[in-house]
Q: 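Pasting in a structure now, in structure tokens, and then I'll have a few things to ask.
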Amino acid sequence: MRRISLLLLLLATLAACKHPLEIRGQGSIVERIYGERGCSWEQFQAGHPRCTENNVEGERYLVSYAAIPEPGWKFSHWEGLPCAADSVGDYCEFDIPKSGIDKAHADNPDGLEVSATVAVFVRDDTPDPQGLDLDVFRAVSPDELDGDPRSGDEPSIRHPLAQLGKKLFFSKSLSANFDVACASCHHPSLAGGDKLSLPVGIEARKPSLLGPGRERKGGKPTVPRNSPTTFNAWVYQEVLFWDGRVARLSSGISTPDSAAPWEPDPLAGDDLIAAQSRFPVVTSEEMRGHDFLVGADNEAVRTRLAERIGNYGGGAGEIENNGWLAEFRAAFDSKQSAEKLITYDNIALALATYQRSQVFVETPWKAFLEGDYDAISDKAKRGALVFFEKKPLINQNAEAACSECHNGDRFTNEDFHASSFPQIGPGRGEKGAATGDDLGRGNLYSSDTQDHRFRVPSLLNVANTGPWGHAGAYGSLREAVAHYDRFDERIDAYFAGGGWCNLEQFKEISNCDGLYTRAESNTAKAVQKNLKDNDVGNGIPLIDFTEAEIDQLVAFLKTLTDPCIEDRDCLSLWIPAASEAPDPHQLNAVDARGRKL
């Protein structure tokens, strides 16, 4: 009955060109309709060909409603037709497939009765904050925070293009040797990462095993940096990757394929995440491997992978039981040939749409800012004060706050700073890899000005996205937070206490302390650069936090976690079932105990 009632709503909506919506209280509803051709409601009303070329009965529609209260009111709930199970907060979404529409017509030959979806607004009678609550609101008021970083144009995971992107994201067919997928290092059940300090891409002993226990056949990991979470990747509007090597310019997007970091890549397009999605597949240690199209440039590798997916050209026949063409035709609502439709540009667009659908921002902190003062603990509230209020700097006549870099509802300014996190792993770049060092953004420039600077990460869901640091050197959130308390002393204690050998990924390895013999000396260089940068405001400052303040900061950071990311059922829409696989190479991941992720 629930599915049929949703169908009645949609069909009546389309036939009458009027939404069967009601509003109680003071507010409005923003309506969006997505056909397979990406039709907006305004376009539909105007009879735009994008919306009307196809028979309505034969299309799949996504409908999204956003409730917007007027001043003095707040959204309460939806009534009438139930929203989809994963609709969040003031968003109500429906997903209507062709088969359901046809059934509704067959079951109701005399016409359809219209039911309504009701947005209920109530007067905002939230009491004014008092005491500690008031102190927190005063601390955040200069930043005008509301806890919601969304822009409103994030796609639904139900959008056909996001669904295609999901299947591509989990496909090992995008790796040279069919042994790794994007999700191998960025799995939703692992908070959009892999729970490893350093990723294991190609040559995993057990390709379907993710998280702790995933090992490389050749021994220690060779990917030099920690896997950033893909959750809420859309909050980054200017730069991606730890070193910002994919960056938005006034004239386009700069990538590793650009002639220089300040020059646009003519093939990158205008979508930052799509531009980033062009590079894991061409990186040897991540997905390309060492024996695939040896000597070919990056674009040739991408073209060959598209041919493999599309079953044409040089990639024809590489995948048995290849069902990708039907998936692309459904997602793009096109009957084009594989040669025209299955290009790497379209693969990257689908991957980006899937990642943009990973919206996980319904946090206790957001609830607190919306007036639920019991949503976070007093300890977390005191942590918020520590986070947002300035503290005096050691040996400097100045003050600083955590929120100056991790600012706004996105909790990042997307800038680059030297932070002195321990440098473990193989290192990266011509300027550092030979000695196991990683100069971060400095690898992109010949001068040393940018050396050891890394992008300021967003802190949304940070409690679940460890290990922490550009090389995953800290195994607990508390250690990572404590690093900001006299980082020079914390670094000394880190190496004196065993360093990386305390991390789960390395602690069982024999001769662990011999893995990265230059880690301490390389980190010492980063500390010196950090101290030098402090003089010009580009390093993390020396601050003297108490142990109690560190615990309070940790409590506050945990309030930035959306409960959905800890609930497998909630995450299920972002993880394809085995039955959804378009070919035999879908990653159906398990953990070290064999449990399905």
Side-chain angles (χ1 to χ4, degrees), residues 135-136 138-143 145 238-239 242-244 382-408 410-423 437-442 445 447-459 462 468-471 473-474 477-496 520-557:
D135 292 340
V136 175
R138 285 173 173 167
V140 304
S141 61
D143 297 315
L145 304 183
E238 303 298 329
V239 293
W242 281 103
D243 54 13
R382 293 188 177 92
L385 294 178
V386 177
F387 187 89
F388 287 100
E389 293 181 344
K390 292 185 176 182
K391 291 179 66 68
L393 307 184
I394 298 173
N395 299 327
Q396 289 183 271
N397 185 25
E399 295 180 321
C402 306
S403 59
E404 291 182 11
C405 294
H406 298 282
N407 62 14
R410 298 183 299 134
F411 285 92
T412 176
N413 62 4
E414 299 190 60
D415 205 349
F416 299 89
H417 296 284
S419 56
S420 304
F421 271 66
Q423 170 50 36
D437 204 357
D438 188 345
L439 304 186
R441 192 154 179 79
Y445 299 90
S447 73
D448 63 359
T449 303
Q450 298 288 334
D451 285 1
H452 298 288
R453 293 181 183 174
F454 294 89
R455 183 190 66 178
V456 175
S458 170
L459 298 180
V462 68
W468 293 265
H470 71 274
Y474 288 119
L477 180 61
R478 193 185 193 284
E479 288 178 300
V481 172
H483 175 85
Y484 292 87
D485 166 51
R486 295 179 176 267
F487 60 82
D488 52 348
E489 296 179 6
R490 296 285 178 173
I491 287 293
D492 291 341
Y494 177 85
F495 286 106
E520 188 168 4
S521 61
N522 286 332
T523 304
K525 296 176 190 176
V527 170
Q528 291 306 309
K529 180 59 162 56
N530 194 158
L531 294 173
K532 179 181 178 181
D533 277 5
N534 282 346
D535 295 333
V536 292
N538 276 304
I540 63 168
L542 282 169
I543 299 178
D544 188 5
F545 290 112
T546 67
E547 294 299 313
E549 287 175 327
I550 293 171
D551 289 337
Q552 291 163 359
L553 281 168
V554 171
F556 167 66
L557 293 177

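Reckoned from all heavy atoms, side chains included, excluding hydrogens, waters and symmetry mates.
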Q: Do any N or O atoms from the side chain of Thr523 and from the backbone of Gln423 form a donor-acceptor pair under 3.5 angstrom?
A: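 At least one qualifying donor-acceptor pair exists.
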Q: Measure from the side-chain N and O atoms of Lys529 to the backbone N and O of Thr449, and report whether any donor-acceptor pair falls under 3.5 Å.
A: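 Checking the backbone N and O of Thr449 against the side chain of Lys529, a donor-acceptor pair under 3.5 Å is found.
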Q: Keeping the roles fixed (side chain from His406, backbone from Pro457), state whether a donor-acceptor pair exists under 3.5 Å.
A: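 Checking the backbone N and O of Pro457 against the side chain of His406, a donor-acceptor pair under 3.5 Å is found.
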Q: If I take atom CZ from residue Phe421 and atom CG from residue Asp438, how far apart are they, to the nearest 0.5 angstrom?
A: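 It is 14.0 Å, given to the nearest 0.5 Å.
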Q: List the residues meeting side chain to side chain contact (heavy atoms under 4.5 Å, CB included) with Gln528, not counting sequence neighbours, and say none if there are none.
A: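 Partners of Gln528 under the side chain to side chain contact (heavy atoms under 4.5 Å, CB included) test: Leu531.
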Q: Applying ring-ring contact (aromatic ring centres under 6.0 Å, His included), name anything that partners Phe556, two or more places apart in sequence or on another chain.
A: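 With sequence neighbours excluded, Phe556 shows a ring-ring contact (aromatic ring centres under 6.0 Å, His included) to Trp365, Phe387, Phe388, given in chain and number order.
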Q: Does Thr412 offer a backbone N or O that forms a donor-acceptor pair with the side chain of Ser458 under 3.5 Å?
A: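 No, because the side chain of Ser458 does not come within donor-acceptor range (under 3.5 Å) of the backbone of Thr412.
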Q: Roughly how far, to the nearest 0.5 Å, is CG of Leu439 from CZ of Phe454?
A: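 It comes to 7.5 Å.
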Q: Using the test side chain to side chain contact (heavy atoms under 4.5 Å, CB included), find all partners of Phe545 that sit at least two apart in sequence or belong to another chain.
A: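 Testing Phe545 for side chain to side chain contact (heavy atoms under 4.5 Å, CB included), a comparison that skips the adjacent residues, returns Val386, Lys391, Cys402, Tyr484, Asp485, Ile543, Glu549, Ile550, Leu553.
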Q: Could you work out, with side-chain hydrogen bond (donor to acceptor under 3.5 Å, both in side chains) as the rule, every residue matching Ser420, not counting sequence neighbours?
A: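 For Ser420, the residues satisfying side-chain hydrogen bond (donor to acceptor under 3.5 Å, both in side chains) (neighbours in sequence not counted) are Asn530.
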Q: Is there a donor-acceptor pair under 3.5 Å between the side chain of Trp242 and the backbone N or O of Ala471?
A: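 Not a single qualifying donor-acceptor pair exists.
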Q: On a heavy-atom basis, which atom in Val136 and which in Ala384 lie closest, and how many Å separate them?
A: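 So the minimum-distance heavy-atom pair works out to CG1-CB, 4.1 Å.
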Q: Excluding sequence neighbours, so at least two apart, what forms side chain to side chain contact (heavy atoms under 4.5 Å, CB included) with Asn407?
A: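 So Asn407 forms a side chain to side chain contact (heavy atoms under 4.5 Å, CB included) with Asn413.
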Q: Tyr474: what forms a side-chain hydrogen bond (donor to acceptor under 3.5 Å, both in side chains) with it, not counting sequence neighbours?
A: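 Tyr474 satisfies side-chain hydrogen bond (donor to acceptor under 3.5 Å, both in side chains) with His483 once adjacent residues are dropped.
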Q: Can you name the residues that form a side-chain hydrogen bond (donor to acceptor under 3.5 Å, both in side chains) with Asp551, not counting sequence neighbours?
A: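 Listed in chain order: Arg478.
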Q: So, for Val239 and Arg455, which heavy atoms are closest and what is the spacing to 0.1 Å?
A: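 Where Val239 meets Arg455 most closely, the heavy atoms are O-NH1, 3.4 Å.
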Q: Begin with the C-alpha distance, continue with both residues' side-chain angles, and end with the deciding distance and a verdict on side-chain contact (heavy atoms from CB on, under 4.5 Å) for His417 and Asp533.
A: CA-CA 8 Å; His417 296 284; Asp533 277 5; over 6 Å; no
Q: Would you please name every residue forming a side-chain hydrogen bond (donor to acceptor under 3.5 Å, both in side chains) with Glu489, sequence neighbours left out?
A: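 Checked Glu489 against side-chain hydrogen bond (donor to acceptor under 3.5 Å, both in side chains); zero matches.
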Q: Which distance, rounded to the nearest 0.5 Å, do you find between the CZ of Arg441 and the CZ of Phe416?
A: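 Result: 4.0 Å between the selected atoms.
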Q: For Glu404, what residues pass the side chain to side chain contact (heavy atoms under 4.5 Å, CB included) criterion, not counting sequence neighbours?
A: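 Listed in chain order: Lys390, Ala400, Ala401.
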Q: Between Phe495 and Pro422, which heavy-atom pair has the shortest distance, and what is it?
A: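 That closest heavy-atom pairing would be CZ-CB, 4.3 Å.
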Q: Just jot down the salt bridge (Lys or Arg N to Asp or Glu O under 4.0 Å) partners of Asp243, sequence neighbours excluded, or say none.
A: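 Testing Asp243 for salt bridge (Lys or Arg N to Asp or Glu O under 4.0 Å), a comparison that skips the adjacent residues, returns Arg225, Arg245.
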Q: For the CG atom of Asp415 and the CD atom of Glu238, what is their distance to the nearest 0.5 Å?
A: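 If I round to the nearest 0.5 Å, the distance is 11.0 Å.
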Q: Grab the two heavy atoms, one from His452 and one from Asn522, that are nearest each other, plus how far apart they are.
A: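 What the structure gives for the nearest pair is CE1-O, 4.3 Å.
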Q: Using the test salt bridge (Lys or Arg N to Asp or Glu O under 4.0 Å), find all partners of Glu414 that sit at least two apart in sequence or belong to another chain.
A: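 Arg410.
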Q: Indicate the atoms forming the closest heavy-atom contact of Trp468 with Ala480, along with that distance.
A: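 Minimum heavy-atom separation between Trp468 and Ala480: CB-CB, 3.7 Å.
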Q: Report the residues that fulfil salt bridge (Lys or Arg N to Asp or Glu O under 4.0 Å) with Asp448, sequence neighbours left out, ordered by chain and then residue number.
A: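 In terms of salt bridge (Lys or Arg N to Asp or Glu O under 4.0 Å), with neighbours along the sequence ignored, Asp448 is linked to no residue.
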Q: Work out which heavy atom in Asp451 is nearest to a heavy atom in Gly442; give both atom names and the distance.
A: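 Heavy atoms of Asp451 and Gly442 come nearest at OD1-CA, 3.4 Å.
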